[in-house]
Every structure is written in structure tokens, then in C-alpha cells.
Colleague: 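Would you mind keeping the following structure in view while I ask a few things?
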Amino acid sequence: MTPMPLAIAAAADKAIVWENDRLYLLDQRVLPAEEVYLEYHGAEDAAEGIRSMVVRGAPAIGITAAFGVVLGARRAWASAGHGWKAALEPGLGALAASRPTAVNLFWAIARMRKVIAGMADDGDPTPRLLREAQAIHAEDVAANRAMGELGAALLGERTRVITHCNAGALATGGYGTALGVIRSAWAAGKLEGVLADETRPWMQGARLTAWELAKDAIPVTLLTDGAAASRLALGDVGWMIVGSDRIAANGDVANKIGTYSLAVNAKYHGVKVMVAAPTSTIDMQLASGKEIPIETRGAEEVLCCGGTRLGAQGAEVWNPVFDVTPAALVDAIVTEKGVVENPTAEKMAELMGR
Ligand code: MRU
């Protein structure tokens, strides 16, 4: 573990910090109890930071991968000189293998690869690649701001909303996708309050979403994932607002496990469903959500809670960490390029062609 420089400690809710030519990631595994930044030195250890959930959330994973490429290229140049491109390949491979579902990861690596392909091999690649990674980071924040405005405009009367997992500043370059919409709606006086599912098994809702919203003094109420249907039945929730890890060409949406059942419940109770995601989350290569690779993680994540084993010995575990909500359950996909209502393949193609 690397000591936390003071200037970085002050960054507090920034998931990814590049400062003094160093990459720091806020360790989201220990929030909100501890606010600790860890320093990363190469592409392989940045990949490990993604795999082990130090950093998580689709856009944040992509941004981290871009900075990971910078670290890898700097090392490759120092060790291999003209041979830096070949020396960087294992690092690129490690980043691509870190997590399978969020397409932002592969999008960011492809964008960095394109820059690499256009570069000569006779000079230090670090400055050019750093500019690209910083552009990816800055564009993500700008996209979130734009989505915040577009998404908030969709809310009608002042209402209460429900969210799942964490699609906030911590999951992105800053401001957030779903929480960006929520922040903008709150600023516009359109929000009564936010219900946040705790989000088993990593508790992103309880630990991260509630932390972010409480810091911004936006009223937040935590509930267990299983309590959501009962709350929607009360009739005081207008919208479900979530982020996404990958949206297929027909508008099917992969997001944190539990999103699908929340969307089914929302439809049943007449609650509108909004998905806020930048276009870097849209994968036009996949015709439908059936093709989205769904990550499954270790049994211990379900068997244990807060480091304590709760699951009975002898029980088997199924731990898919994402699910797919069919486009038919989605009222609006909000991107930085515009809003797609009642998404279809045709409407998604039109959006991506803009
Ligand atoms: O496993 P995680 O915490 O990386 O899952 C994150 C989510 O499912 C988020 O909702 C999604 O990445 C959108 S983040 C803007």
C-alpha cells in the first residue's frame, strides 16, 4: 500500500486521480469506513486494481484502463526503447482480461491502441498517450453533465426515484451517470428524495451511493434489494434511474445484478425506467443482450458479508454480477448525444449515427 499524498487526500470522492505523473485509485472496497488512495505503477497492476474492485463502474474502469496503458507504455519505453510497442502487449492483454462485462474497458483500450498504431517507435510515447487518457477522462465528465441535464428534463413533477448499485462520481470520471441525473434533478428542485437498493453482494448502494448522496445533502433512504417491490407498491416513486455496463444494439441493458428484477417490478407498478449511460457504453457489435458476456465472481462474495462467513457450509453458490434488462422494459436511454425513448434497434442506430 502506498502512502496518500495530502493533495490527493483532498480529492476525496474522485475515483481516479492522475497527479505528479502518478496514478492513484480511491480504494472503493473499504469505503465509506476508510478513504484511502492506492498508487499504481504499471498496466498489469492497474488491471489488478480493476479485477479486485479497487475501482469499479463501467466508465471508471475504462478511464483506469486508459491510464494503465500510459503506465505500461512508460515502463515499456524505459525497458525496451524502440521495442516499446511489443513490450506493452502483455499489459494491454492484462487490462483486457480484467473484467468482461463493461464495454467501456474495451472501448478505451481500442481508443488507446488506435493512438499507439499512429505513433512512431523512436520517442517516449508517454506524453501523447497521457493526453489521450486525460481526454477520455475529461470527455466522460462532460458526458455526465450533459446526461444530467437531459435526464433531469425527463422527470415531470417533483418526484422520488429509486436507483440500484452505484452509478455516481465513483463509477465514472466524475458527477456520475444515474447519479448525475439525480444531482441535476436535485439542483432543479425536481427531486423529493432517493431510494438506494443496498445492492448485494458488494453493497455498492449501501456503501457508495448512500455515501455520495449524503455528502451532497441529497436525501437518501437505503433499503434491502428485496424491499424494492414493496416500496414501489406504495406508489410514491416516479422513476427508476440506473447506469449500465453495456447496452446492445437493440437497446437491451446490462447492469448490476438485480437491475432486471427492479425493472420488472417498476413496470408492474407503473414506475418509469431510465438508463443513463455514455455512448462509450453502447456496443453496436452485439445484436441483443443475449450476447453480452456476464461476469460471474467467486462464491465467497455471496457466502460472506463484511468479512464474516454467513452462508451455510455445503451450500453451492451462483454469483452472476450483472443481468440484462430487455429493451421493452426501458422507457428512456439517456446518453450525451441525446435521449432514446422506448429503445429499438432502429432508434439506437440513429442515435449512434448522429
Ligand atoms: O461491479 P460494478 O460495481 O463494477 O458494477 C457497476 C454497475 O453495475 C454500474 O451500475 C454501472 O457500471 C454503471 S456506472 C456509471
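Starting from 1, each residue takes its place in the sequence as its number. Both counts, for ligands and for their atoms, begin at 1 and track the order of listing.
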Colleague: To check your reading of the model: name the closest protein heavy atom to atom 8 (O) of ligand 1, its residue, and the distance in Å.
Modeller: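 Protein heavy atom at minimum distance: Asp245 OD1, 2.9 Å.
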Colleague: Mind checking whether Trp77 and Met112 sit in one hydrophobic cluster, side chains of I, L, V, M, F, W, Y counted as touching below 4.5 Å?
Modeller: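 Both belong to a single hydrophobic cluster.
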Colleague: Does the residue Thr101 have a heavy-atom contact with ligand 1, meaning some pair of atoms that are separated by less than 4.0 Å?
Modeller: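 Per 4.0 Å heavy-atom rule, Thr101 does not contact ligand 1.
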Colleague: Heavy-atom contacts with Gln204 under 4.0 Å: which atoms of ligand 1 show up? List them by number with element.
Modeller: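 That gives atoms 1 (O), 2 (P), 3 (O) of ligand 1.
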Colleague: So, Asp252 and Lys290, do they make that salt bridge, N to O below 4.0 Å?
Modeller: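 No.
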Colleague: Using heavy-atom distances only, which candidate in Val275, Asn144, Thr177 approaches atom 15 (C) of ligand 1 most closely?
Modeller: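 Checking each option, the heavy atom nearest atom 15 (C) of ligand 1 is found in Thr177.
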Colleague: Does a salt bridge link Glu139 with Arg111, judged by any charged N lying under 4.0 Å from a carboxylate O?
Modeller: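 A salt bridge links Glu139 with Arg111.
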Colleague: Which pair of heavy atoms, one from Val55 and one from Ala60, lies closest together, and at what distance?
Modeller: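 In this case the closest contact between Val55 and Ala60 is CG2-CB, 3.9 Å.
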Colleague: Parallel under 30°, tilted from 30 to 60°, perpendicular over 60°: which one fits the rings of Phe67 and Trp18?
Modeller: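 Judged by the thresholds at 30° and 60°, the geometry between Phe67 and Trp18 is parallel.
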Colleague: Using the side-chain hydrogen bond (donor to acceptor under 3.5 Å, both in side chains) rule, take Asn144 and Thr177 through it: C-alpha gap first, then chi angles, then the decisive distance, then the call.
Modeller: CA-CA 5 Å; Asn144 291 338; Thr177 55; 5.5 Å; no
Colleague: Just which atoms of ligand 1 are under 4.0 Å from any heavy atom in Thr172?
Modeller: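 Reading through ligand 1 atom by atom, the close ones are 15 (C).
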Colleague: So, for Leu105 and Ala65, which heavy atoms are closest and what is the spacing to 0.1 Å?
Modeller: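 What the structure gives for the nearest pair is CD1-CB, 3.5 Å.
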Colleague: What part of Thr259, side chain, backbone, both or neither, has a heavy atom within less than 4.0 angstrom of ligand 1?
Modeller: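 No part of Thr259 is near ligand 1 at this cut-off.
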Colleague: Non-hydrogen atoms of Arg99 versus ligand 1: any pair closer than 4.0 Å?
Modeller: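 True for this residue.
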Colleague: Taking heavy atoms and a distance under 4.0 Å, where does Phe322 meet ligand 1: side chain, backbone, both or neither?
Modeller: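 Under 4.0 Å from ligand 1, Phe322 contributes side-chain atoms alone.
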Colleague: Can you confirm whether the side chains of Thr101 and Asp245 place a donor and an acceptor under 3.5 Å from each other?
Modeller: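 No, because no side-chain N or O of Thr101 sits under 3.5 Å from a partner of the opposite role on Asp245.
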Colleague: Taking only non-hydrogen atoms of His164, do any sit less than 4.0 angstrom from ligand 1?
Modeller: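 Contact absent.
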Colleague: Of the backbone atoms (N, CA, C, O) and the side-chain heavy atoms from C-beta on, which set of Pro59 has a member under 4.0 Å from an atom of ligand 1: side chain, backbone, both, or neither?
Modeller: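 Contact part for Pro59 vs ligand 1: side chain (C-beta onward).
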Colleague: Need the ligand 1 atom indices (1-based, order shown) with element for anything under 4.0 Å from a heavy-atom of Ala171.
Modeller: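 Ligand 1 atoms under the 4.0 Å threshold to Ala171: 14 (S), 15 (C).
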Colleague: Identify the closest protein heavy atom to atom 10 (O) of ligand 1: which residue and atom is it, and at what distance?
Modeller: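 Nearest protein contact, heavy atoms only, for atom 10 (O) of ligand 1 is Asn255 OD1, 2.6 Å.
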Colleague: Identify, by atom number and element, the atoms of ligand 1 in contact range of Lys256, meaning under 4.0 Å from any of its heavy atoms.
Modeller: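 Going through ligand 1 atom by atom, the ones under 4.0 Å from Lys256 are 1 (O), 2 (P), 5 (O), 8 (O).
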Colleague: If the threshold is 4.0 Å, N to carboxylate O, is there a salt bridge linking Asp331 and Lys267?
Modeller: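 Result for this pair is yes, salt bridge flagged.
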Colleague: For ligand 1, note which part of Cys165 has a heavy atom under 4.0 Å away: side chain, backbone, both or neither.
Modeller: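 It is the side chain that touches ligand 1; the backbone stays farther off.
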Colleague: Hey, are Glu212 and Arg183 close enough for a salt bridge, meaning a charged N less than 4.0 Å from a carboxylate O?
Modeller: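 Salt bridge between Glu212 and Arg183, a charged N being under 4.0 Å from a carboxylate O: yes.
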Colleague: For Ala167, take its heavy atoms, then give the atoms of ligand 1 lying under 4.0 Å from any of them.
Modeller: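 Once the distances to Ala167 are compared, the set is 14 (S), 15 (C).
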Colleague: Using a strict cut-off of 4.0 Å, indicate which atoms of ligand 1 neighbour a heavy atom of Ala58.
Modeller: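 Within the 4.0 Å cut-off of Ala58, ligand 1 contributes 12 (O), 14 (S).
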